[in-house]
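Comments concern the structure below.
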Amino acid sequence: MELQLGLALPTSPVNDFDLNCHVSDPTEAASSDLCGRGDDMISGRSNKKRGFIEAFELPPQTLPLLLWNDHPNDDDDDDDRKGVENSSFIAKKNDDGYCIVGWPPIKFRRKKICSHNRDDNDRTVLHNGSARAGVGGGVNPNSKYVKVKMVGVGIARKIDLSRHHSYQTLTNTLINMFGKCQQDAQSFKLAYQDREGDWLLAGDVPWRTFIQSVERLKILRIGG
Amino acid sequence: MAYSFPEEVLEHVFSFIHTDKDRNAISLVCKSWYEVERWSRRRIFIGNCYAVSPGIVIRRFPELRSVALKGKPHFADFNLVPDGWGGNVYPWIAAMAMAYPMLEELRLKRMVVTDESLELISRSFKNFKVLVLSSCEGFSTDGLAAIAANCSGRFSEESRISSFDLLSFATFFLSNQTKRYNRFELKPACEVDIGSPISLIPDFAHHWCPSTFPAWPPRCPSLRTLRLNRAVPLDRLPNLLRRAPQLVELGTGAYSAEHRPEVFSSLAGAFSNCKELKSLSGFWDVVPDYLPAVYPACSGITSLNLSYATIQSPDLIKLVTQCQNLQRLWVLDYIEDSGLDALAASCKDLQELRVFPSEPYDMEGNVALTEQGLVSVSEGCPKLHSVLYFCRQMTNAALVSIAKNRPNMTRFRLCIIEPRTRDYQTLEPLDVGFGAIVEHCKELHRLSLSGLLTDRVFEYIGTHAKKLEMLSVAFAGDGDLGLHHVLSGCKSLRKLEIRDCPFGDKALLANAAKLETMRSLWMSSCSVSFGACKLLGQKMPRLNVEVMDERGRPDSRPESCSVEKLYIYRSVAGPRSDMPRFVWTMKTPS
């Protein structure tokens, strides 16, 4: 695909406002780096110079900021790699295995609803019609079940946070749930993941704030 | 010297012209038409609140009655825009409070709306009738209560309040009671259909009890839309329906209860009484046993939102096949291919289908929903033109079939959950499939891509998608050539949003002019360098080139370093002044 130097790209609907105007604009000295790359390609079009004013008036007819060549991907391998390094692939890791922020593209509210549904309705029950009525009747819309994992324990548990009103009762219950005694409790700390996916230590914010943003819990050993 | 019509005549003629496009065209004819038009324009849509300032709008259109504004970029829906980015509506409200005392309608999308803003609205506009907040944030029930309290008495019987159901409920309630309820007691039972934080919703449950709202509602002759909160139990529904049998849109609360025959028959009776019902949604926690109660109303239903209903395919099929006049269906992928086959066979009027993932973060699928389901619907439903489909596998052949079946497609959004998924039969990229979509669907104006895609798909898009206005791209392409095809080929492109693609400086700079013809361009996790952003900002005075980077100032890194996020939009208002610490506008030298 050959692009003409200077004027309109054949398929472009806009009469080629391109920005290599440091050629046509004598006052502009700044972008000399970019000018360097484009220079080889602009030798042919001296009859197309325009003044600065003319260039910026109405649908301006200036030249590309960077002239297009057929093989844009040839140089700049480094840039491409930089792009990949910056990509959000590296972003968040969450326990569900998906590491990518904002993917799949579903709205926040729907994500929350889905996870509520998932926690409230045990998947096995969904496949078993007769058990469903019981679940349906028993669903307490105020309950807030979150997953709890303890480091080193294979199977996660679920706890209904709406039954608790303080960090103390929560931690007591958790300790019992995982079969530890109160003395052992000293060597553990509780972390939680909030709505934005960040992991924070539990206990720093007021209970009410915590309750509203907690998504899941993790019990960690102090000192690794 | 040409005579022109007296202004009154022109104004009368213009009063028949409603669309923005036509009005904009009229205003370009000559100065006097421009003047008449601007004084007579009553409604305006501003797709990017930063493209223009309140002052400019008010100066040009002094007599507006209806304003629609959009704030954050679309990708904010998926957490790609950090908190505090902007889009606060308050400056607009403050300006309009002075300039448009007769304002009647305000529609806001993806904006930050504080309680302060809502209170100002409630005090400033004596004729206020319609408030629509879509995907907005920043307010609480206090702000909503202010709206309800101060706007209520003025709503006429005929006025329809769409999408702000809180208002219609509160309005009715307040206008029929003496004002003995203060703002704090008014925590209404209606879901505010505006993407409010989920924590707001459980709050109300504590306030919904018979003693607070004893006889609600005696009769609600003007209530057209009612969407209940998830916490409203099912056994309240029959009563509500009986008092508002003229309801057109209903969102149920929790649709679950222990199976009791008297509740069921009461519910079924109430539904059969709702002769005007066209739209159903809600169905939280749904228990299938109660679904047949809805059947009496199904023949009139044109819009069904089951996207929160975690029921399986057989129950979904039974419900959906009752709705012969269905035009719009939103559903979870529990519907599976078999359900979509049934849909294709029964609902010949279907125009819009959205299938959402029940387990979006599972690596493997949990349901038997494949590309085949979409192909069936595309075959069986001749009016289908709008699709949003989440699935885990796709083939070029399926896409080609869909394209050939439905050349009338206008919106096609396909999300294959795993990025860069190949055609599972041929193991090729999905270029050819999407190419067929843009080639056959000549009226396509919105497209979202997914799967493994090379620069080829962009070549197809640039060549064929001449009516495409909005394109969403993720994890696709090989390099700048891809972006160049789109920017140089898509004549009608207004919004382009790109994430995680290897597009760099070259295509962007070579097509800089194109950006002024578009509303906005979003690029995140691509390869656009800071240097290129600076250059664009310097050379393009009518563009705001905003770099978003949470790593700190972009000039603390080499110029060749890629920026995290880039948001470019045309504006006549210049750079904005409310940027948070992680956003920088590339300046145009003055």
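Excluded from the calculations below are hydrogen atoms, water molecules and symmetry mates; all remaining heavy atoms, backbone and side chain alike, are included. Numbered from 1 within each chain, the chains take letters A, B, ... in sequence-line order.
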(request) Please report the shortest heavy-atom distance between B/Pro360 and A/Pro104, naming the atom on each side. (result)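 Between these two residues, the closest heavy atoms are O-CG, 3.5 Å.
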(request) Search all heavy atoms of A/Trp103 against all heavy atoms of B/Ala474 and return the closest pair with its distance. (result)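 That would be CZ3-CB, 3.6 Å.
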(request) Could you tell me which portion of B/Leu388 (side chain, backbone, both or neither) has an atom closer than 4.5 angstrom to a non-hydrogen atom of chain A? (result)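 For B/Leu388, there is no contact with chain A at all, as no heavy atom is under 4.5 Å.
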(message) For B/Phe75, which atoms come within 4.5 Å of any heavy atom of chain A: side chain, backbone, both, or neither?
(response)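 Looking at B/Phe75, nothing touches chain A.
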(message) Please enumerate all residues that pass ring-ring contact (aromatic ring centres under 6.0 Å, His included) together with A/His164, with sequence neighbours excluded.
(response)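 Per chain and number, A/His164 pairs via ring-ring contact (aromatic ring centres under 6.0 Å, His included) with no residue.
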(request) Using ring-ring contact (aromatic ring centres under 6.0 Å, His included) as the criterion, list what pairs up with A/Tyr192, not counting sequence neighbours. (result)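 For A/Tyr192, the residues satisfying ring-ring contact (aromatic ring centres under 6.0 Å, His included) (neighbours in sequence not counted) are A/Phe210.
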(message) Nearest 0.5 Å, please: how far is CZ in B/Phe390 from CD1 in A/Ile106?
(response)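 Reported value, rounded in 0.5 Å steps: 6.5 Å.
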